[in-house]
Chemist: 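Below is the structure I would like to discuss, written out as structure tokens.
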Amino acid sequence: MLDMVLGLPEQMAEAAARSRGVKLGRPVKRGPVMVAGMGGSAIGADLARGLFWDEVPVSITTLRDYRAPAALDRSGLFVAVSYSGNTEETVTAFRDAVRARSRVVCITSGGTLAAQAARHGIPVVPVPGGLPPRAAVGHLFVSLLVTLERLGFCRSYDRDLAEAVGLAAERRAAWHRRAARLAGRLLDRLPLVYSTSRLLDPVADRWRCQLNENAKVMCHTSYLPEHNHNEIVGMGAPGLLAERSVVVGLLDRDTNPRTALRWRHLLAVTRGGYRQALALESEGRFRLARLVSLLMLGDLVSCELARLRGVDPLPVNRIDELKRRMARSRRQA
Ligand code: F6R
């Protein structure tokens, strides 16, 4: 897992080149984008929404369920993302979108989704198989980004990608050392990962998912400034949490200065409600590199925390067991 995480820059560069070769058909008139996916396959859509937040006027909804909502808008684009191609929620939502005659694109390494897309003549952006889905984040996210560009939803992110890839390759060894130190702070603690801008919301969520799946621990996420209007009151209770929780603040140079001030006041106002607070600043010039810098750091922390806990980051036995049980009950139905 650590090797896969460290290989993120190469993965992103490869994904950018590969997804350009796919025939997608005519550009789409700019409407809303709905992306169906679960877990490691859904996060790419959240990352795109964060990236676009204050620069691309496209609304991206992530659908993490079986059925498309009533708001499914056929004037836009529906993207079904499933790394394995066999995630039942995503395949069911894909069928809904096809039935509704939406413009659909799939991003997958194969499975039922690829087979059904072929049957309906729907374009598939292929991603290479053989990885745990969460370790394919570079493939899945960049494939989506390039697809959105090629269908006319956003400008080219080539320049930004080049910076992100270069920065991650140059800084990964230092980020890895830092991650090992951070993991030491999080051992036997409950991480409370707080984002301070809409660019970093999906990064906080990625930290949670990676700490869950790689390090096999619980993690809580929250988002400023909203946090300051509710969660701030509950911090530190029940009492055993005060001793056990470590606040990890994700900060970016474009964090609204008022929100940055809130972050500092929040730590003072809730003192005693957490054990320790760590502030992590994104690195890089463009938004994409800044997002990638904190994402990769979080992925590395999850691997290092797994090491400290003596657990193998790769297997996700409970997810597999639940999928098996669900598949069995489908066959019986
Ligand atoms: C496993 C992982 C999971 C999967 C999810 C959906 O590494 O991250 O969250 O991504 O169970 O499966 P796929 O991605 O195959 O649609």
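The figures that follow rest on heavy atoms only: side chains count, while hydrogens, waters and symmetry mates do not. Note that the structure is predicted; figures quoted are calculated from it, not measured.
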Chemist: Regarding R290 and E281, does a basic nitrogen lie under 4.0 Å from an acidic carboxylate oxygen?
Modeler: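 Salt bridge between R290 and E281, a charged N being under 4.0 Å from a carboxylate O: no.
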Chemist: Could you tell me whether the side chain of M4 reaches within less than 4.5 Å of the side chain of P132, counting heavy atoms only?
Modeler: yes
Chemist: Take D96 and R67, measure what side chain to side chain contact (heavy atoms under 4.5 Å, CB included) needs, and give me the verdict at the end.
Modeler: CA-CA 7 Å; D96 264 9; R67 298 275 168 213; 2.8 Å; yes
Chemist: Nearest 0.5 Å, what's the CD-CG distance between E304 and L182?
Modeler: 10.5 Å
Chemist: Is it the case that over 12 heavy atoms from other parts of the model lie below 6.0 angstrom from the CZ atom of R185?
Modeler: no
Chemist: To the nearest 0.5 Å, what is the distance between OG (S282) and CG (D254)?
Modeler: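 S282 atom OG to D254 atom CG measures 8.5 Å (nearest 0.5 Å).
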Chemist: Same cluster for M34 and L151 if Ile/Leu/Val/Met/Phe/Trp/Tyr side chains link at under 4.5 Å?
Modeler: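 No.
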Chemist: Considering only Ile, Leu, Val, Met, Phe, Trp and Tyr, and joining two whenever side-chain heavy atoms are under 4.5 Å apart, list the other residues clustered with I319.
Modeler: V316
Chemist: Assigning hydrophobic clusters by single linkage (Ile, Leu, Val, Met, Phe, Trp, Tyr; side-chain heavy-atom cutoff under 4.5 Å), is Y157 placed with V58?
Modeler: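 Same cluster: Y157 reaches V58 through Ile, Leu, Val, Met, Phe, Trp or Tyr contacts under 4.5 Å.
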Chemist: Kindly indicate whether a cation-pi arrangement holds for R103 with F78, taking the cut-offs as under 6.0 Å to the six-membered ring centre and within 45° of the axis.
Modeler: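 No, R103 does not sit over the ring of F78.
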Chemist: Would you please say whether a donor-acceptor pair under 3.5 Å links the side chains of S197 and D252?
Modeler: no
Chemist: How close do G138 and A15 get, heavy atom to heavy atom, and via which atoms?
Modeler: O-CB, 3.8 Å
Chemist: Suppose we screen for side-chain contact (heavy atoms from CB on, under 4.5 Å). Which residues come up paired with T221, at least two apart in sequence or across chains?
Modeler: V193, A204, D205, R208, Y223
Chemist: Does S156 reach the main-chain N or O of D158 with its side chain, forming a donor-acceptor pair under 3.5 Å?
Modeler: yes
Chemist: Examine distances only and state if a side-chain atom of K216 and a backbone atom of A306 form a donor-acceptor pair shorter than 3.5 Å.
Modeler: no
Chemist: So V98 and I122, do their side chains get closer than 4.5 Å, heavy atoms only?
Modeler: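 Answer yes - side chains close enough.
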Chemist: Determine, step by step, whether Q116 and V91 satisfy the side chain to side chain contact (heavy atoms under 4.5 Å, CB included) criterion, reporting the C-alpha distance in whole Å, the side-chain angles of both residues, the deciding distance to 0.1 Å, and the verdict.
Modeler: CA-CA 9 Å; Q116 296 203 0; V91 172; 4.3 Å; yes
Chemist: Would R287 and D160 pass as an ion pair if we require N to O under 4.0 Å?
Modeler: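 Salt bridge between R287 and D160, a charged N being under 4.0 Å from a carboxylate O: no.
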Chemist: Please check: side-chain N/O of R101 versus main-chain N/O of R74, any donor-acceptor pairing under 3.5 Å?
Modeler: no
Chemist: Is it possible for you to say whether V125 and V28 belong to one hydrophobic cluster, with membership spreading through side-chain heavy-atom contacts below 4.5 Å?
Modeler: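 As far as the 4.5 Å side-chain criterion goes, V28 and V125 are connected within one cluster.
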Chemist: State whether the side chain of Q11 and the backbone N or O of A135 hold a donor-acceptor pair below 3.5 Å, judged by distance alone.
Modeler: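 Indeed, once roles are kept as given, a pair shorter than 3.5 Å links the two residues.
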Chemist: Kindly give the heavy-atom pair with the smallest separation between I60 and A45, and that separation in Å.
Modeler: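 Nearest pair, atom of I60 first, then A45: CG2-O, 4.0 Å.
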Chemist: Quick check against the 3.5 Å criterion: does T92 have a side-chain atom that pairs as donor or acceptor with the backbone of E88?
Modeler: yes
Chemist: What do you reckon, is CZ of R271 surrounded by more than 12 foreign heavy atoms closer than 6.0 Å?
Modeler: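 Count not over threshold, so no.
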Chemist: For the residue pair V124 and V22, what are the closest heavy atoms and their distance?
Modeler: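 Between these two residues, the closest heavy atoms are O-CG1, 3.4 Å.
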Chemist: Any salt bridge between R171 and E283, counting N to O under 4.0 Å?
Modeler: yes
Chemist: L77 and V56: same hydrophobic cluster, using ILVMFWY side-chain contacts below 4.5 Å?
Modeler: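 Same cluster: L77 reaches V56 through Ile, Leu, Val, Met, Phe, Trp or Tyr contacts under 4.5 Å.
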Chemist: Distance-only, no hydrogens or angles: does the S41 side chain make a donor-acceptor pair with backbone N or O of Y83 under 3.5 Å?
Modeler: yes
Chemist: If I compare all heavy atoms of P191 with all of L211, which pair ends up nearest, and what's the gap?
Modeler: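 So the minimum-distance heavy-atom pair works out to CG-CD1, 4.0 Å.
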Chemist: Under 3.5 Å, is there a donor-acceptor pair between the S82 and T90 side chains?
Modeler: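 No - no donor-acceptor pair under 3.5 Å links their side chains.
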Chemist: Counting only heavy atoms not in R155, do more than 12 sit closer than 6.0 Å to its CZ atom?
Modeler: yes
Chemist: Would you tell me whether N214 and R134 have side-chain atoms, one donor and one acceptor, within less than 3.5 Å of each other?
Modeler: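 Yes.
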Chemist: Side-chain contact test, heavy atoms from C-beta onward, threshold under 4.5 Å: evaluate it for L250 versus T196 and give yes or no.
Modeler: no
Chemist: Output the distance between atom CG (L24) and atom CG (L148), rounded to the nearest 0.5 Å.
Modeler: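 Interatomic distance, L24 CG to L148 CG, rounded to 0.5 Å: 10.0 Å.
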Chemist: Report yes if the side chains of V104 and V79 come closer than 4.5 Å at any heavy-atom pair, otherwise no.
Modeler: no
Chemist: Under a 3.5 Å distance rule, please check whether R253 uses its side chain to pair with a backbone N or O of R285 as donor and acceptor.
Modeler: yes
Chemist: Over all heavy atoms of both residues, which pair between G284 and L167 is shortest? Give the atoms and the distance, please.
Modeler: CA-CD2, 3.9 Å
Chemist: Would V292 and M12 satisfy side chain to side chain contact (heavy atoms under 4.5 Å, CB included), going step by step from the backbone distance to the final call?
Modeler: CA-CA 10 Å; V292 167; M12 290 174 67; 3.7 Å; yes
Chemist: For S75 and D73, which I'm curious about, is there any donor-acceptor pair between the side chains at under 3.5 Å?
Modeler: yes
Chemist: Does the distance from a Lys or Arg side-chain N to an Asp or Glu carboxylate O, for K323 and D320, drop under 4.0 Å?
Modeler: no
Chemist: When you check the gap from the basic side-chain N to the acidic O, do D46 and R64 get nearer than 4.0 Å?
Modeler: yes
Chemist: To the nearest 0.5 Å, what is the distance between CE on M38 and OG on S84?
Modeler: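 Answer rounded to 0.5 Å: 11.5 Å.
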Chemist: Check for a donor-acceptor pair, side chain of S143 on one end and backbone N or O of L140 on the other, with a separation under 3.5 Å.
Modeler: no
Chemist: Please lay out, stage by stage, how R159 and E163 fare under the test salt bridge (Lys or Arg N to Asp or Glu O under 4.0 Å).
Modeler: CA-CA 6 Å; R159 172 201 69 175; E163 191 216 358; over 6 Å; no
Chemist: Using 0.5 Å steps for rounding, measure from the CG atom of L2 to the CG atom of L300.
Modeler: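 If I round to the nearest 0.5 Å, the distance is 6.5 Å.
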Chemist: If the condition is ring-ring contact (aromatic ring centres under 6.0 Å, His included), which residues does Y194 pass it with, not counting sequence neighbours?
Modeler: H227
Chemist: A side-chain contact here means heavy atoms from C-beta on lying under 4.5 Å apart; do V142 and R18 qualify?
Modeler: no
Chemist: Apply side chain to side chain contact (heavy atoms under 4.5 Å, CB included) to V137 and L47, showing your working.
Modeler: CA-CA 10 Å; V137 66; L47 293 169; 4.1 Å; yes
Chemist: When you compare the side chain of V246 with that of L192, does any pair of heavy atoms fall below 4.5 Å?
Modeler: no
Chemist: Among the clusters formed by ILVMFWY side chains lying less than 4.5 Å apart, do F94 and Y66 turn up in the same one?
Modeler: no
Chemist: How far apart are the closest heavy atoms of P225 and R262, and which atoms are they?
Modeler: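 Heavy atoms only, the tightest pair is CB-CD, 3.7 Å.
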Chemist: Any sub-3.5 Å donor-acceptor pair from W207's side-chain atoms to V301's backbone N or O?
Modeler: no
Chemist: Look at atom CZ of R244 and say whether more than 12 heavy atoms of other residues, nucleotides or ligands are closer to it than 6.0 Å.
Modeler: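 Counting other residues, nucleotides and ligands, CZ of R244 stays at 12 neighbours or fewer.
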Chemist: Please examine the side chains of L241 and R189, heavy atoms only from C-beta on, and report whether any two atoms are closer than 4.5 Å.
Modeler: no
Chemist: Is NZ or CZ of R49 both nearer than 6.0 Å to the six-membered ring centre of F52 and within 45° of the ring axis?
Modeler: no
Chemist: Would you mind reporting whether C219 and L190 have side-chain heavy atoms less than 4.5 Å apart?
Modeler: no
Chemist: Counting only heavy atoms not in R318, do more than 12 fall under 6.0 Å of its CZ?
Modeler: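 No, because the 6.0 Å sphere around CZ of R318 holds 12 heavy atoms or fewer from other groups.
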Chemist: Give, for atom CD of E231 and atom CG of L266, the distance between the pair rounded to the nearest 0.5 Å.
Modeler: 9.0 Å
